[in-house]
Amino acid sequence: AQSVTQPDIHITVSEGASLELRCNYSYGATPYLFWYVQSPGQGLQLLLKYFSGDTLVQGIKGFEAEFKRSQSSFNLRKPSVHWSDAAEYFCAVVPNSGGYQKVTFGTGTKLQVIP
Amino acid sequence: EAGVAQSPRYKIIEKRQSVAFWCNPISGHATLYWYQQILGQGPKLLIQFQNNGVVDDSQLPKDRFSAERLKGVDSTLKIQPAKLEDSAVYLCASRSFRLAANNEQFFGPGTRLTVL
């Protein structure tokens, strides 16, 4: 069965430090891949997405993600974290198989930023 | 461009009561989703509409949950009767049919439901 795993439930980083959030998927073929951010009391906002082509994807707010087919991973990175980045981050996948395409979300990683 | 609107933002009810949530998608978006997000979990799809037809309701607890999208625009999600485990944030999202290939969904702020 297809699945999305975010192994880190909670991560704490210092402001200005680098960040990497992990996402692994299990699908028969390379799916469409997304990262969303959810601030407290808010809906989800799309940070970036990968469909094909260049495996390093740039997104909003200085985030980037790298697709690694050999590792079935799509990790989110940011070189220098700002206090406003504190939020919950969700990886999501959609099968790239035509027909009905259902989105499956990971369980999320909550990011805490300390001064 | 206005985003996805949801109301109410918060609702507290007692178990066995009924509750309804409303969603107004982005204008022109043919696809509408309802998700349930329990604390500490990712959103779980409850139902997906394409215009006013149901595409997927496989995870909707149909004995107590119902949803409709009359005229292919606004949608309501109802729970009757509510259980304690229904406490969650209910998110509405929409997607443009014209841009369907990129699968980008736009989310509303959600309705936080507390069942006591």
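Throughout, protein chains are lettered first and strands after them, A, B, ... in sequence-line order, and every chain is numbered starting at 1. Scope of the values below: all heavy atoms of this structure, side chains included, with no hydrogens, waters or symmetry mates.
The 12-atom threshold is not exceeded at NZ of B/K71, counting heavy atoms of other residues, nucleotides or ligands nearer than 6.0 Å. More than 12 non-hydrogen atoms from other residues, nucleotides or ligands lie less than 6.0 angstrom from CD of B/Q59. Within a 6.0 Å radius of NZ in B/K44, more than 12 heavy atoms belonging to other residues, nucleotides or ligands are found. Environment of CG in B/L84: crowded, with over 12 heavy atoms of neighbouring residues, nucleotides or ligands closer than 6.0 Å.
Cluster membership check: B/V55 does not share its hydrophobic cluster with B/L77, using side-chain heavy-atom separations under 4.5 Å among Ile, Leu, Val, Met, Phe, Trp and Tyr. Linking Ile, Leu, Val, Met, Phe, Trp and Tyr whenever their side-chain heavy atoms come within less than 4.5 Å leaves B/Y90 and A/F105 in two separate clusters. Follow the hydrophobic side-chain contacts under 4.5 Å out from B/I47 and you never reach B/L91; the two are in separate clusters. A single hydrophobic cluster is seen to contain both A/I11 and A/V113, as judged by linkage of ILVMFWY side chains at heavy-atom distances under 4.5 Å, directly or through other members. Hydrophobic clustering (side-chain heavy atoms under 4.5 Å, transitive across Ile, Leu, Val, Met, Phe, Trp, Tyr) keeps B/I26 apart from B/L32.
Heavy-atom neighbours of chain B within the stretch residues 57-67 of chain A, taken at a separation under 4.5 angstrom, are nonexistent. Scanning residues 36-43 of chain B against chain A with a 4.5 Å non-hydrogen threshold yields B/Q37, B/G40, B/Q41, B/G42, B/P43, sorted by number. Among the residues in residues 108-116 of chain B, those with a non-hydrogen atom closer than 4.5 angstrom to a non-hydrogen atom of chain A are B/G108, B/P109.
Both the backbone and the side chain of A/L44 come within contact range of chain B, each with at least one heavy atom under 4.5 Å from a heavy atom of that chain. Looking at A/Q38, only its side chain comes within 4.5 Å of chain B, counting heavy atoms on both sides.
Take A/Q112 and apply the side chain to side chain contact (heavy atoms under 4.5 Å, CB included) test, not counting sequence neighbours, and it matches A/H10, A/T12, A/I114.
Interface check for chain B: of the options A/I9, A/V4, A/L46, the most heavy-atom pairs under 4.5 Å are formed by A/L46.
Contact annotation: the side chain of A/V103 approaches that of B/Y35 to within less than 4.5 Å [non-hydrogen atoms, C-beta and beyond].
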